[in-house]
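Sequence lines set the chain letters: A, B, ... in the order given, protein chains first and strands last, and positions in each chain run from 1. Worth saying up front: this structure is predicted, and the values here are computed from it rather than measured.
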Amino acid sequence: MMTERYNAREAEPRWQKVWEERGIFVARNDDPRPRYYVLEMFPYPSGRIHMGHVRNYTMGDVVARYKRAMGVNVLHPMGWDAFGMPAENAAMERKVHPKAWTYDNIATMRSQLKSMGLSIDWSREIATCDPAYYKHQQKLFLDFLKAGLVERKASKVNWDPVDQTVLANEQVIDGRGWRSGALVEQRELTQWFFKITKYSEALLAALDTLDRWPDKVRTMQRNWIGRSEGLLIRFALDPATAPNGETELKIFTTRHDTLFGARFMAIAPDHPLAAAAAAKNPALAAFIAECKRHGTAQEIVETAEKQGFDTGIRALHPFDPDWRLPVYVANFILMDYGTGAIFGCPAHDQRDLDFVNKYGLGNTPVVCPPGADPKQFAITDTAYDGDGTMINSRFLDGMTVEQAKEEVARRLESEIRGNAPVGMRQVNFRLRDWGISRQRYWGCPIPVIHCEACGIVPVPEKDLPVALPEDVEFDRPGNPLDRHPTWRNVPCPQCGRPARRETDTMDTFVDSSWYFARFTDPWNANAPTDPKAANAWLPVDQYIGGIEHAILHLLYSRFFTRAMRETGHLDLDEPFAGLFTQGMVVHETYRRADGSYASPAEVKVEGAEDSRRAVLASTGEPIEIGPIEKMSKSKRNTVDPDDIIATYGADTARWFMLSDSPPERDVIWTEEGVQGAWRFVQRLWRLVGEAAAVAREAPDARPQTFTPAALAIRKAAHGALAKVSEDIEKLRFNRCVAHIYEFANALQAALAGRGDKNEAADDFAWAVREAADILIVLFHPMMPHLAEECWALLGHDTLVAEASWPALERDLLVEDTIVLPVQINGRKRADVTVARNAANMEVEAAVLALEPVRRALAGKPPKKVIVVPQRIVNVVA
RNA sequence: GCCCCUGUGGCGGAAUUGGUAGACGCGCCUGACUCAAAAUCAGGUGGCCAAAAGCCGUGCUGGUUCGAGUCCGGCCAGGGGCACCA
């Protein structure tokens, strides 16, 4: 009898070695079978893996192993998002080279990931800091440049004063740098941009086709792209008031229906007209300077009062040349949205209303809400932005808002001034081009050279990669590339005269925008991709990662895929057909009396749910149990995967990660939960041991008939098979876990029952062997090492990692007789056993004969009997 | 302010998408084994009631329906995203 405990610590490395030696997870590009590409977001090599990684990679591994068992050619690669700031910080703090620091971390994390037993094709491993990788990224940059998808322009940029670098709009969260947390400043710099806005419309429209993405992510991207349809209107300026040469002011509006409610115009402080007007107006110039000094950092914007300054310029209303509108410079107008100018309709825009109330400009309501009296309707301090009927608007009166918009657009489109229409329909996007220049060392060098004579000269392809120099110092702030003597100063590739290399490096989000494509042919030395391989593998069938990349990484990758298509590197639009965003791993927090945090490893928790208390294990000092929060170093509520794997094994950690919480929600890491998972590992081991003893007596040939006990086992096995298969397909791992528990319970009960009844017939043994085989294959994607050990115990000389998913016998799922719940007036009162295919009349007759039903009816006929076949019966008394 | 999501036992969560609410796990209780503990095994575990019968029960509230955790209206609470975007 098998009484020994399963020794995960001994078994797990042993099986990992077998898998590796046999190379069974290596995907081949020439394998003719159908393909499946499952990918988890690759990690930043920060030092050690954390529980979030364990959760992420376990989920992907379950899918990969399941698909492999289904006979599919699976690509499941791993790499390193290896460029970035922390390597430079480490260099500054610890005097280690960023490269050494990064590769040390990669080595540690690789071996940690391997100890998880992931079915990864390590032959395709890539690191983005490897010149063999970024060489091709530089090639992509040059191709994009040639294709007009890259632009160099001066612009106001987000400057992170702590990291001393530029940030993209997407990297500014609540006015702060996404990594440093520092308040972001605005600076005017010349930068490289990827023209993501070229695809605004396409990126937006294609969101509708991504039906295997979470709605949440699609909504966030939709909002981020921010499409709005409106009208561009050219307001003529009163020549008597306009600065020299200025004749008109262009504005963009989505509310042209409210044109007769206009009270003022407003332009951004950095609008050219403002500068022109300020030339002769020192007070205005001072106001503009003041606005610019404050900048547009979010923090300031939110608290700043709306302020304006009358330029003295007057604009003429497009429908009434005698109607003059004052033009203000206002601190709340953004130069980089629309035209940097608006017309203000205070009655129907809260911000405009606040403005006029401050400067006493008044308002005219032009949209009357349904049910309101047009003569009485007035606006004081709350603008009305809803639908209604046009009033006070001359030829628009009586129209709906929609009709009025159409009428205004139609009229202004057909009115020509100069040689252009006064109004033009226009679509505007909130999305800005992606600024990729970073003033950092540890990133992919931008492959261009600045020459006094020739201007910007792309580095010739034969000179790629532009490799990072390794002899750099981090003894002062700023970019060491900028002060590197030989690397920076190079001859111009065109004219040969002394020139200067671009010292900015690329945003690290560029690195991760195409790595999924590189995995399809990572050995390719000549080109970023082999389009044949890329097109065959892509799009990624299932991508798994955190919700924090809903906009940044996922939007950039969608852009890159389109740009790579345009430059001939692959031929598809969307990189990720299926996206799954998993929840975080959270844990209780523990605080000592002095307010400092204690780690779970230091704390001993005792007592049941309602009387739980904690003490410091070493001293007995009482500890306050705090709220459950995301595992983080600062809260010290992390659990080290290495410790868990050393104590319980990787299978236990994997199993716990998948149980209980639905994968998209946060999972609470608890010691009890891990122990529960560990107990189940041991229970499965014992169960398979018992099953193996019975299975040994099984005949090779499948018996002709099965006794009820054997049939019950077979039904449980195939029922579990059907449910687990469906739930893996839908990534509902918590339900898979429940089904496997249920099946294991059923098999255990059947084996225990056998002793009493002495039912050791051939057919029973055969059913047990079949059930044990199915059980092991079913749990092997979640607990691969235990599965191999059990598989061997059952006498197989193959690997379960290479076993086929069992064939489902659907006949076993169908019962001949079924038990239907019987409701009386919608409340369950009884059960009735009927033939599965019994006619409704028969079911009704059987139900009416039931004692509880007769009692309820008391001799009267039922009002109604509803029979839902194979579901339920409801008697209405 | 706008948009989205989530509210089910002591806890994590199931519920075939309108058909037996609480699967499965954790925790707890009782028993067996043990000198004892651990492990394991057997049983129990939404509330009210001594128990049965019964009644109540999916954030609150109203509705639709033979039947509502699920659909509709109105609230409340928690979480997330966006936000001078014209």
Side-chain angles (χ1 to χ4, degrees), chain A residues 3 5 173-174 214-224 226-228 230-231 251-256 266 268 296 298 301-302 304 306 330-334 336-345 349-352 354-355 385 428-432 547 550-551 607-612 655-656 659-662 664-668 670-677 679-680 682-683 686 723 726 732 734-745 748-749 752 819-831 862-868 870-877:
Chain A
T3 48
R5 280 196 179 178
I173 315 290
D174 293 334
D215 287 341
K216 191 179 170 182
V217 174
R218 293 198 283 172
T219 305
M220 282 166 70
Q221 292 212 357
R222 217 169 267 133
N223 292 339
W224 187 263
R227 183 181 195 274
S228 56
L231 199 64
I251 62 103
F252 174 74
T253 179
T254 55
R255 289 303 303 271
H256 31 294
T296 46
Q298 222 110 19
V301 156
E302 265 164 36
K306 290 171 187 27
N331 63 348
F332 58 90
I333 306 298
L334 306 173
D336 58 0
Y337 186 81
T339 60
I342 62 153
F343 85 87
C345 175
D349 182 297
Q350 190 60 46
R351 191 197 44 201
D352 294 347
D354 294 345
F355 189 79
D385 62 3
N428 256 306
F429 293 91
R430 212 187 75 107
L431 185 68
R432 299 274 78 96
I547 185 75
I551 295 172
E609 199 67 39
D610 46 349
S611 63
R612 294 176 77 246
W655 185 254
F656 177 61
S659 26
D660 290 353
S661 286
E664 70 277 9
R665 273 194 230 173
D666 292 351
V667 62
I668 307 171
T670 62
E671 188 60 24
E672 291 86 356
V674 181
Q675 281 171 7
R679 277 202 300 273
F680 187 60
Q682 297 300 336
R683 187 147 78 88
R686 284 194 306 274
K723 288 182 204 155
E726 189 194 341
R732 298 190 294 212
N734 56 321
R735 304 204 325 178
C736 294
V737 165
H739 298 141
I740 289 169
Y741 268 114
E742 224 162 343
F743 176 31
N745 290 347
Q748 193 170 351
V819 179
L820 289 183
V822 176
Q823 293 184 334
I824 299 169
N825 294 331
R827 291 175 182 283
K828 196 210 165 192
R829 284 296 123 96
D831 289 310
K863 285 210 189 94
K864 203 170 175 184
V865 178
I866 292 129
V867 178
V868 183
Q870 299 179 47
R871 266 287 138 76
I872 201 167
V873 182
N874 191 12
V875 179
V876 185

(message) Is there a side-chain contact between A:Arg222 and the phosphate of B:C4, meaning an N or O under 4.0 Å from OP1 or OP2?
(response) no
(message) With rounding to the nearest 0.5 angstrom, report the CD1 to NZ distance, A:Ile740 to A:Lys723.
(response) 12.0 Å
(message) Once you measure the plane-to-plane angle for A:Phe680 and A:Trp655, does it fall in the parallel (<30°), tilted (30-60°) or perpendicular (>60°) bin?
(response) parallel
(request) Between B:C76 and B:A39, how far apart are the P atoms? Round to whole Å, please. (result) 49 Å
(request) Would you kindly compare A:Arg255 and A:Gln682 by the position of their nearest RNA chain B nucleotide and give the one closer to the 5′ end? (result) A:Gln682
(request) Assign A:Asp336 to base, sugar-phosphate, or nothing according to its heavy-atom contacts below 4.0 angstrom with the strands shown. (result) nothing
(message) Classify A:Asn734 by what it touches in the nucleic acid, base, sugar-phosphate, or nothing, heavy-atom distance under 4.0 Å.
(response) sugar-phosphate
(request) Could you check whether A:Gln748 gets within reach of a base, just the sugar-phosphate, or nothing at all, counting any heavy atom under 4.0 Å? (result) sugar-phosphate
(request) Output the distance between atom CZ (A:Arg686) and atom CZ (A:Arg5), rounded to the nearest 0.5 Å. (result) 8.5 Å
(request) Tell me whether B:U70 sits syn or anti, counting syn as a glycosidic angle within 90° of 0. (result) anti
(message) By the 4.0 Å heavy-atom rule, please label A:Gln823 as base, sugar-phosphate, or nothing.
(response) base
(message) I'd like to know if A:Asn223 reaches the base of B:C82 with its side chain such that a donor and an acceptor end up less than 3.5 angstrom apart.
(response) no
(message) Nearest 0.5 angstrom please: A:Glu672 CD to A:Gln675 CD, how far?
(response) 7.0 Å
(message) I want to verify a distance call: between B:G12, B:G19, B:C84, whose nearest atom is closest to the A:Asp660 side chain?
(response) B:G12
(request) Take A:Gly673 and A:Thr254, find for each the nucleotide of RNA chain B with the closest heavy atom, and name the residue whose nucleotide sits nearer the 5' end. (result) A:Gly673
(message) Students often get this wrong, so: under 4.0 angstrom with heavy atoms, is A:Val876 touching a base, only sugar-phosphate, or nothing?
(response) sugar-phosphate
(request) Quick one: pull up NZ in A:Lys863 and CG in A:Asn825 and give me the separation to the nearest 0.5 Å. (result) 7.5 Å
(message) Rounding to an integer number of angstrom, what distance separates B:G19 and B:G54 when you compare their P atoms?
(response) 25 Å
(message) Tell me whether the side-chain N/O atoms of A:Lys216 come closer than 4.0 Å to OP1 or OP2 in B:C4.
(response) no
(request) Return yes if the base of B:U40 and the side-chain atoms of A:Arg686 contain a donor-acceptor N/O pair under 3.5 Å, otherwise no. (result) no
(message) Categorize A:Phe252 for me: base, sugar-phosphate, or nothing, with a 4.0 angstrom heavy-atom threshold over every strand shown.
(response) base
(request) Using the C1' atom as the reference point in each nucleotide, state the distance between B:C55 and B:C41 in Å, no decimals. (result) 37 Å
(message) So A:Arg218, base contact, sugar-phosphate only, or nothing? Heavy-atom distance under 4.0 Å.
(response) nothing
(request) Could you measure between the two C1' atoms, the one in B:U64 and the one in B:C72, and give it in whole Å? (result) 7 Å
(message) Side chain of A:Phe332 only, heavy atoms from C-beta on: which candidate in B:C84, B:G12, B:C41 is closest?
(response) B:C84
(request) Please state the P separation for the pair B:C71 and B:U20 - nearest whole angstrom. (result) 15 Å
